[in-house]
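Below: the structure, in structure tokens.
In each ligand, atom 1 is the first atom listed, and ligand 1 is the first ligand listed.
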Amino acid sequence: MPEAAVHLGSGKVRELYALGDDRLLLVASDRISTFDVILPTEVPDKGRVLTGLSAFWFARTRELVPNHLLALRDDGRSLECRRLEMLPIECVVRGYLAGSAWRDYERTGAVCGHRLPAGLREAERLRQPIVTPATKAESGHDENIDAAAAAARVGRARYEQAEAAALRLYAFAAAHAEARGIILADTKFEFGVDGEGTLTLGDEALTPDSSRFWEADAYAPGGPQASYDKQFVRDYCESLGWDKTHPGPDLPPAVVTGTRARYVDAFELLTGCAFDAYLADPQVVLR
Ligand code: Q0N
């Protein structure tokens, strides 16, 4: 008899279940957040797009960095994973100066201890990608920390190993995306350690919820960039003058349809698979 999945917790858009003692099930919903608020309207198939993308990247980077993926379920939105001991840090890799990194740079000229050249503009490409660790806040916002603070949390050798793994993953994925017209501006990785002590990539990876994707053709440094996936939602919310506190606004059908189409576009460009083919048989992204 198959063992029951025991619900362990909810993220903003994902659910986590235990499958026995040593496996987990990560289930991605169709919920969408903007300005850190979950909206009342879902985007159909968003969870399948994110799960398919994660599975695609896990399959293609397993020789670069071991990861927790065991199986992609046929519902297209659930990943069976190896249970790890997660490190209490996030590793963000940034190839471009956006978000909190831009704000920190403007204020201090540095990001998480990386001193950057003077005169950079918002969204400018960095000469070398940097790793900017952060603490995982239980509630509220993650806090940027420097490499020394990250090393104090996980040990210096482990941090250096995670930093190097994160840079390898970013270099591979950013080159793949750039060749397909998408800029991978930055992305967040979460690593754990398996029973043998091997550093292992966990969580979701290289999805629009854990990354900034920009359309290469529209890239114009010197200000904020349109988000490949969520820009219709942000523009609509801004047009309402909503104060960005809970609860967020309902989305009109045209915004939902347009946003779903953007997620599907990103999926098809990055994986090279038709999304209909993924719905018919999710395993297509693993081949
Ligand atoms: C784990 N989180 C934070 C689901 C993801 N392979 C693993 N082994 C042990 N623990 C975890 C994983 C993974 N992945 C990761 N929590 C537990 C991210 N969550 C947030 C909620 O949705």
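- Contact atoms of ligand 1 toward G11: 21 (C) (distance under 4.0 Å to a heavy atom of the residue).
- Considering backbone and side-chain N/O atoms, H68 comes within less than 3.5 Å of an N/O atom of ligand 1.
- The OH atom of Y219 sits 8.0 Å away from atom CZ of R125, with the distance rounded to the nearest 0.5 Å.
- Inclusion of L84 in the set of residues having an N or O under 3.5 Å from an N or O of ligand 1 is warranted.
- A side-chain contact (heavy atoms from CB on, under 4.5 Å) with P208 is found for exactly one of Y228, F267, F213, namely F213.
- Scanning all protein heavy atoms for the shortest distance to atom 17 (C) of ligand 1 gives L16 CD2, 3.4 Å.
- Taking Ile, Leu, Val, Met, Phe, Trp and Tyr as members and joining any whose side-chain heavy atoms lie under 4.5 Å apart, directly or through other members, the hydrophobic cluster of L120 also contains L97, W102, Y105, V111, L116, L126, I130.
- Atom 20 (C) of ligand 1 has R14 NH2, 4.1 Å as its closest protein atom, hydrogens excluded (heavy atom only).
- At under 3.5 Å, not a single nitrogen or oxygen of S10, backbone or side chain, sits near a nitrogen or oxygen of ligand 1.
- Across all non-hydrogen atoms, the minimal contact from A18 to R83 is CB-NH1, 3.9 Å.
- Ring centers of F56 and H176: under 6.0 Å apart, within the cut-off.
- For R82, every heavy-atom contact with ligand 1 shorter than 4.0 Å involves the backbone, none the side chain.
- Listed here is the closest heavy atom pair of C237 and F35: CB-CE1, 4.2 Å.
- Atom 4 (C) of ligand 1 has L26 CD2, 3.5 Å as its closest protein atom, hydrogens excluded (heavy atom only).
- Among protein heavy atoms, atom 3 (C) of ligand 1 sits closest to E190 OE1, 3.9 Å.
- The two residues F58 and L79 come nearest to each other via the heavy atoms CE1-CD1, 4.2 Å.
- The salt bridge (Lys or Arg N to Asp or Glu O under 4.0 Å) test with D209 singles out one residue from K46, R14, K188, and that residue is K46.
- Of all atoms in ligand 1, numbered sequentially from 1 with element shown, those under 4.0 Å from a heavy atom of D203 are 5 (C), 13 (C), 14 (N), 18 (C), 19 (N).
- Protein heavy atom in closest approach to atom 15 (C) of ligand 1: M86 CG, 4.0 Å.
- Residue L24 has at least one heavy-atom neighbour below 4.0 Å for each of these atoms of ligand 1: 6 (N), 7 (C), 8 (N), 9 (C), 10 (N), 11 (C), 12 (C).
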